[in-house]
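Heads up: the structure comes next, in structure tokens.
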Amino acid sequence: MDFTSSKTVTLTDFIFAEQMKHAGASGTFSNVLLSIALGTKIVSRGVNRAGMWDMHGAAGSTNVQGEQVQKLDVYADKVFETTLGRSGEFMAMVSEEREDMFAARMGDSSSQYVIAFDPLDGSSNIDVNVSIGTIFGVYRRLPETEGSSKESLSDFQQPGTAQVAAGYTIYGSSTMFVFTTGSGVNGFTLYPTIGEFILTHPNMQIPEVGKIYSCNEAYFARWSKGVQQYLRKCKDGDGSDEKSKYSMRYVGSLVADFHRTLLKGGIFMYPGDAKNPNGKLRLLYECAPLAFIVEQAGGRAINGVQRIMDLTPENIHQRTPLFIGSRQNVDEVEAAIAAHG
Ligand code: P6P
């Protein structure tokens, strides 16, 4: 990496260049994005050192989802509360780790945004060194709440189409920050010794179709006829030749499975089933942000019958089935569900 080359674009360069495109921009939105990036850099260091800091394993409590909270979950949640709170740009936050919405530390009547995040998704994979990630979605406060010095739940009850920014960080073989503000998707790789994110994946586009499906097939028997029929076609091919058969990849960490799908194409599915009709993944801080990303990259995200981005959360931890990935793959599973239920 040659920092003297004008071809090297840092995340800070990129964000300020975007800001310059908006005459009269005050810089608050740039501050929003930079505060998220700062949090993700701190969490990245924590994830890489967890084993040496005795930060592996359970924290000894269960979260609102009824899941075993991992020590790193608690750490990541506090890091984002601090870095996002200190920016002063957020009035309120929602975190997967907290039962209720909470006021941002420096939030006040001038704060224009709210943010929903999963501080560390896939944390059950932390101790086995599998990639994990952070997911976030940013919304402007509603006209009826903007200017108030009191946080309001209604700011989080907006459809995914109202997101002004969304993204994820994957803590893997490298740490990558991938986000959109509605003008395409760009990926940045952390240069750890410098502490800067460098633009490595400009204008990310998901392939129109892919030959990888990703789901936890252990639940196959619980899924609808349409989903089962679609999966059989992926596995058995269309009878023309071996090439029509798919490969299956499943990490069990949403950010890792999504990031691979975004780069290589195909489909990730977490369907609902008879036992859990809304599946496992959360709409506000997992599915809606990834749906914004995938649509900006030319793909699709549905709950089986509706566009994820059109859904409005009634409660902040609401779950939704998720089918996300290349346009043609999502079209095909949508058609199978329409035909077979
Ligand atoms: P299952 C991780 O716990 C997570 O929330 C997502 O990151 C992942 O996609 C999903 O659960 C895996 O769930 O039921 O396959 O273990």
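In listed order, ligands and their atoms are each counted from 1. Computed from a predicted model, the values in this text were never measured in an experiment. FYI, side chains are in, hydrogens and waters are out, and symmetry mates aren't considered; it's all heavy atoms of this structure.
With hydrogens and angles disregarded, no donor-acceptor distance shorter than 3.5 Å links the side chain of R319 to the backbone of L283. With hydrogens and angles disregarded, a donor-acceptor distance shorter than 3.5 Å links the side chain of S5 to the backbone of K7. Proximity of a side-chain donor or acceptor of S326 to a complementary backbone N or O of G266 within less than 3.5 Å is detected.
Heavy-atom contacts of S253 reach the following atoms of ligand 1: 7 (O) (cutoff under 4.0 Å). Those atoms of ligand 1 that come under 4.0 Å of a heavy atom in D121, given as number and element, are 5 (O), 6 (C), 7 (O). For ligand 1 and L254, the ligand atoms under 4.0 Å from any heavy atom of the residue are 6 (C), 7 (O), 8 (C), 9 (O). Less than 4.0 angstrom separates some heavy atom of Y219 from each of these atoms of ligand 1: 1 (P), 14 (O). The distance from ligand 1 to the heavy atoms of Y270 drops below 4.0 Å at these ligand atoms: 1 (P), 13 (O), 14 (O), 15 (O).
The single protein non-hydrogen atom nearest to atom 8 (C) of ligand 1 is G252 O, 3.5 Å, given as residue, atom name and distance. Nearest protein heavy-atom neighbour of atom 12 (C) of ligand 1: Y250 OH, 3.3 Å. With hydrogens left out, the protein atom closest to atom 11 (O) of ligand 1 is K280 NZ, 3.0 Å, a heavy atom.
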task = Tell me, with the steps shown, if H317 and Y285 meet ring-ring contact (aromatic ring centres under 6.0 Å, His included).
result = CA-CA 8 Å; H317 297 298; Y285 43 76; 5.7 Å; yes
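Looking at ligand 1, you won't find any N or O of E286 less than 3.5 Å from one of its N or O atoms.
A side-chain donor from one of D155 and T145 sits under 3.5 Å from a side-chain acceptor of the other.
For an aromatic pair to be called close, the ring centres must be under 6.0 Å apart, and Y168 with F258 satisfies this.
Just one residue in the list F29, F156, Y139 forms a ring pair (Phe, Tyr, Trp, His ring centres under 6.0 Å) with Y113, and that residue is F29.
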